[in-house]
Amino acid sequence: MTVPAEPTTYGVQIDAQPGQAAIRLNGELLPAGQVTGYVLQHDVHVALPTLVLHTRQPDSIQWAGLARVAVAAPEQDPGEMIAAFLASIDAAALERAALNRDDLDGTSSELTKGMLAQLADWAQGRGSS
């Protein structure tokens, strides 16, 4: 029985917006439509985060697997990242998505709750605008 090798470390760049993501591994852009989702997980006690890419399985696979990765410059302020994410949101798309949620509760603050829930979903790569 062959033991799998330790995952290779890749330089990763992810440019994600609701409904799409451009992912580069060591500077190489993965083909559009090949990645259907991703999960980035980091345990602060482990040196590098783990990126799991969910891929389509067409007749020929260009890339599939797991990678231990380093993501983002440590000097980047989380507040700046959040502000940049919020600045990229289309207000009309957010309102439409929030009003179309099935978890609205009929209270006077349901639109605000729906918008916050929608922003959280988009921030985690769930749903699309």
- Task: May I ask you to test the Lys113-Thr107 pair for a side-chain heavy-atom distance under 4.5 Å?
- Result: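 Yes, at least one pair of side-chain atoms sits under 4.5 Å.
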
- Search all heavy atoms of Ala98 against all heavy atoms of Leu111 and return the closest pair with its distance.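 Closest approach of Ala98 to Leu111, heavy atoms only: CB-CD1, 4.1 Å.
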
- Message: For residues Ile82 and Leu116: do they belong to one hydrophobic cluster (side chain heavy atoms under 4.5 Å, members Ile, Leu, Val, Met, Phe, Trp, Tyr)?
- Response: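 No, because Ile82 and Leu116 fall into different hydrophobic clusters, even though each may have its own neighbours under 4.5 Å.
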
- hydrophobic_cluster_shared for Leu99 and Leu119, side chain cutoff 4.5 Å: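 Yes; tracing contacts between hydrophobic side chains, which count when under 4.5 Å, links both residues.
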
Quick one: side chains of residues 17-26, donor-acceptor pairs under 3.5 Å with protein atoms, not counting sequence neighbours, listed by atom name and distance.
from  : atom 1 : to    : atom 2 : distance (Å)
Arg24 : NH1    : Gly27 : O      : 3.4
Asn26 : OD1    : Gly11 : N      : 2.7

Would you tabulate the side-chain donor-acceptor contacts of residues 85-95 under 3.5 Å, counting partners in other chains and residues two or more places apart, or write 'none'?
from  : atom 1 : to    : atom 2 : distance (Å)
Ser88 : OG     : Phe85 : O      : 2.6
Asp90 : OD1    : Ala92 : N      : 2.9
Asp90 : OD1    : Ala93 : N      : 3.0

- Could you give me the CA-CA distance, side-chain angles and deciding distance for Val39 and Leu51, then say whether side-chain contact (heavy atoms from CB on, under 4.5 Å) is met? CA-CA 6 Å; Val39 177; Leu51 175 65; over 6 Å; no

